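Data block below; observations after.
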Amino acid sequence: MTDSIIQPGAKKVKTSKTRFGSVTVRAPAPSEALVQHSVKASTQALERVTERLAKAGVRLSVKKNVPLYWLESDNPDVMIRKLNGKVERGSFVDDVFKAIG
């Protein structure tokens with residue numbers, strides 16, 4: 001079904017069409033001022049995201065009773081678990097973390 005607004009006597013407006021898959025959308029072409037504003041806004045947004053993406057690493061929020069695990073840098077066979085402020089070295093045995101002595 002196609003919905004359209006028809007206004008008798010309205011003057012013709014230059015339209016722009018964009019295709020999304022099998023759908024074509026026709027709308028009035030944007031003004032030069034709107035295009036320039038959009039370019040400026042998208043450039044500023046790109047600068048903001050670039051600053052954040054340039055920082056290496058991931059921030060993990062620490063929650064009570066939720067362990068954080070990572071591999072020991074010198075020995076990748078040993079895991080480190082941090083749980084409620086306590087740090088332990090160990091490994092998983094039968095899907096359960098076993099701390100080393």
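Heads up: numbering here begins at 1 and tracks the sequence. Worth saying up front: this structure is predicted, and the values here are computed from it rather than measured.
- Counting heavy atoms from C-beta on, the side chains of Asn84 and Lys64 come closer than 4.5 Å.
- Contact record, Ser91 with Asp77: CB-O, 4.3 Å, taken as the closest heavy-atom pair.
- Contact check for Val62 versus Leu68: side-chain heavy atoms found under the 4.5 Å cut-off.
- Note: the hydrophobic cluster containing Ile100 does not contain Phe92 (ILVMFWY, side chain heavy atoms under 4.5 Å, direct or indirect links).
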*May I have the step-by-step check of side-chain contact (heavy atoms from CB on, under 4.5 Å) for Phe97 and Glu88, ending in yes or no?*
CA-CA 10 Å; Phe97 182 80; Glu88 296 177 296; 4.3 Å; yes
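- The closest donor-acceptor contact from the side chain of Arg19 to the backbone of Gly21 lies under 3.5 Å.
- Cluster membership for Val66 and Val58, using ILVMFWY side-chain heavy atoms within less than 4.5 angstrom, is not shared.
- A donor and an acceptor atom, one from each side chain of Arg26 and Thr15, are nowhere located under 3.5 Å apart.
- In this structure the side chain of Met79 reaches within 4.5 angstrom of the side chain of Leu71, judged on heavy atoms.
- Side-chain contact check for Lys82 versus Trp70: some heavy-atom pair is nearer than 4.5 Å.
- One finds the CZ atom of Arg81 at 7.5 Å from the NZ atom of Lys86 (value rounded to the nearest 0.5 Å).
- Using a 4.5 Å cut-off on side-chain heavy atoms (C-beta onward), Phe20 and Val25 make contact.
- The minimum heavy-atom distance between Asn65 and Leu83, with the atom names listed, is C-CD1, 3.7 Å.
- Between the CD atom of Gln36 and the CD atom of Glu32 there is a distance of 5.0 Å, given to the nearest 0.5 Å.
- Transitive grouping of hydrophobic side chains (ILVMFWY, heavy atoms separated by less than 4.5 Å) brings Leu53 and Leu46 into a common cluster.
- In this structure, CD in Glu47 is found 7.5 Å from OG1 in Thr50, a value given to the nearest 0.5 Å.
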